[in-house]
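Note that ligands are numbered from 1 as they come in the structure, with each ligand's atoms numbered from 1 the same way. Numbers here are sequence positions counted from 1.
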Amino acid sequence: MDRIGVVDTMFARYDMGAEAVDELRHCPGHGTRFEILRRTVPGFKDLGVACKKLIQEEGCRIVVALGMPGRAPIDQVCAHEASQGIMLAQLLTNTHILEVFVHETEEEDPAKLAAVCVDRARKHARNAYWLLYEPEQLTRRAGQGVRQGYTDAGPLLP
Ligand code: RDL
Ligand code: RDL
Ligand code: RDL
């Protein structure tokens, strides 16, 4: 059976991993065509290697990596570094890792930030499924201003 990985962090203030897993559980072929492997690490800088291990040691064909950069300026720097690590893991393994970061600064209101977490985690989990099994779903949406976390921006011209 194929494997799809989900890696999240203890640092994040919302359980985005659970949202991603639930979305994947509702995709066609869960339990028959693919199974889900979930891992949790302390913070987002630990995501890259955790994803690489899921790919190289556990055979995952794609991974969803979820993390929350905090509010401090240092967290923005760390987010860039964490992102570089995830990028490197993708290039070293020739495998997609969808980076789902929700910056704590994106919303002031905790309820609104939680809603961004749910929407972005679920949409990128679905994107992972599509990349693996239905890539034509992405091409169908090419140039359509598709967003995760918020409603779509839409195309420039009607
Ligand atoms: O490897 C242990 C930690 O360094 C690692 O877990 C970091 O990702 C933890 N961390 C920071 O040190 C930091 O300054 C995190 C953040 N900021 C952050 O904004 N979000 C995180 N981790 O998930
Ligand atoms: O791996 C999943 C996403 O992280 C990845 O698709 C990003 O490229 C999505 N993305 C951002 O996260 C972002 O903050 C994009 C932009 N900004 C952007 O300006 N343009 C994009 N993607 O094409
Ligand atoms: O134009 C408004 C937003 O799209 C913009 O602020 C993005 O940068 C927000 N964003 C992130 O900050 C991020 O870390 C997005 C993603 N990840 C993402 O994966 N998909 C998005 N926005 O649509």
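In this structure, R120 contributes its side chain and Q148 its backbone to a donor-acceptor pair below 3.5 Å.
Proximity of G67 to ligand 1 is not established, as no heavy-atom distance is less than 4.0 Å.
Of the polar atoms of M68, at least one N or O is found under 3.5 Å from an N or O of ligand 1, judged by distance alone. For ligand 1, one of its N or O atoms has an N or O atom of D46 under 3.5 Å away. Inclusion of P69 in the set of residues having an N or O under 3.5 Å from an N or O of ligand 1 is not warranted. Among the atoms of G43, some N or O lies under 3.5 angstrom from an N or O of ligand 1.
Taking 4.0 Å as the cut-off between side-chain N and carboxylate O, D119 and K123 count as a salt-bridged pair.
Taken to the nearest 0.5 Å, the CG atom of L54 stands 12.0 Å off from the CD1 atom of I4. Here the straight-line distance linking atom OG1 of T40 with atom CG of D8 works out to 3.5 Å at 0.5 Å rounding. Atoms NZ and OG1, from K52 and T95 in turn, are 11.0 Å apart once rounded to the nearest 0.5 Å.
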What pairs of donor and acceptor atoms, side-chain ones from residues 60-67 against any protein atom, are under 3.5 angstrom apart with sequence neighbours left out?
unit_1, atom_1, unit_2, atom_2, d
R61, NH1, D2, OD2, 3.1

N/O donor-acceptor pairs under 3.5 Å from side chains in residues 150-158, not counting sequence neighbours:
unit_1, atom_1, unit_2, atom_2, d
Y150, OH, E107, OE2, 2.8
D152, OD1, R147, N, 3.0

Please list, one pair per line, the donor and acceptor atoms closer than 3.5 Å that link side chains of residues 15-23 to other protein atoms, with sequence neighbours excluded.
unit_1, atom_1, unit_2, atom_2, d
D15, OD1, A18, N, 3.1
D15, OD1, R38, NH2, 2.8
E19, OE1, R122, NE, 2.8
E19, OE1, R122, NH2, 3.0
E19, OE2, Y14, OH, 3.1
D22, OD2, R122, NH1, 3.2
D22, OD2, R122, NH2, 2.9
E23, OE1, R122, NH1, 3.0
E23, OE2, R126, NE, 3.0
E23, OE2, R126, NH2, 2.8

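Shown here for G70 and E104, the closest heavy-atom pair between the two residues is CA-OE1, 3.5 Å.
Below 4.0 Å from some heavy atom of G70 lie the following atoms of ligand 1, by number and element: 18 (C), 19 (O). Per-residue contacts place K45 under 4.0 angstrom from the following atoms of ligand 1 (heavy atoms of the residue considered): 7 (C), 8 (O). With ligand atoms numbered from 1 in the order given, ligand 1 contributes 13 (C), 14 (O), 16 (C), 17 (N), 18 (C), 19 (O) to contacts under 4.0 Å with heavy atoms of D75. Below 4.0 Å from some heavy atom of P42 lie the following atoms of ligand 1, by number and element: 6 (O).
Of the heavy atoms in F11, only side-chain atoms (C-beta onward) come closer than 4.0 Å to ligand 1.
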Pairs under 3.5 Å, nitrogen or oxygen of ligand 2 with protein nitrogen or oxygen:
unit_1, atom_1, unit_2, atom_2, d
ligand 2, 1 (O), E99, N, 2.9
ligand 2, 4 (O), E99, O, 2.7

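Between F34 and Y129, the ring planes are tilted. Angles from 30° to 60° get that label. Using the six-membered ring where Trp is involved, F101 and H103 have ring planes that are perpendicular, over 60° apart on the 30 and 60° scheme.
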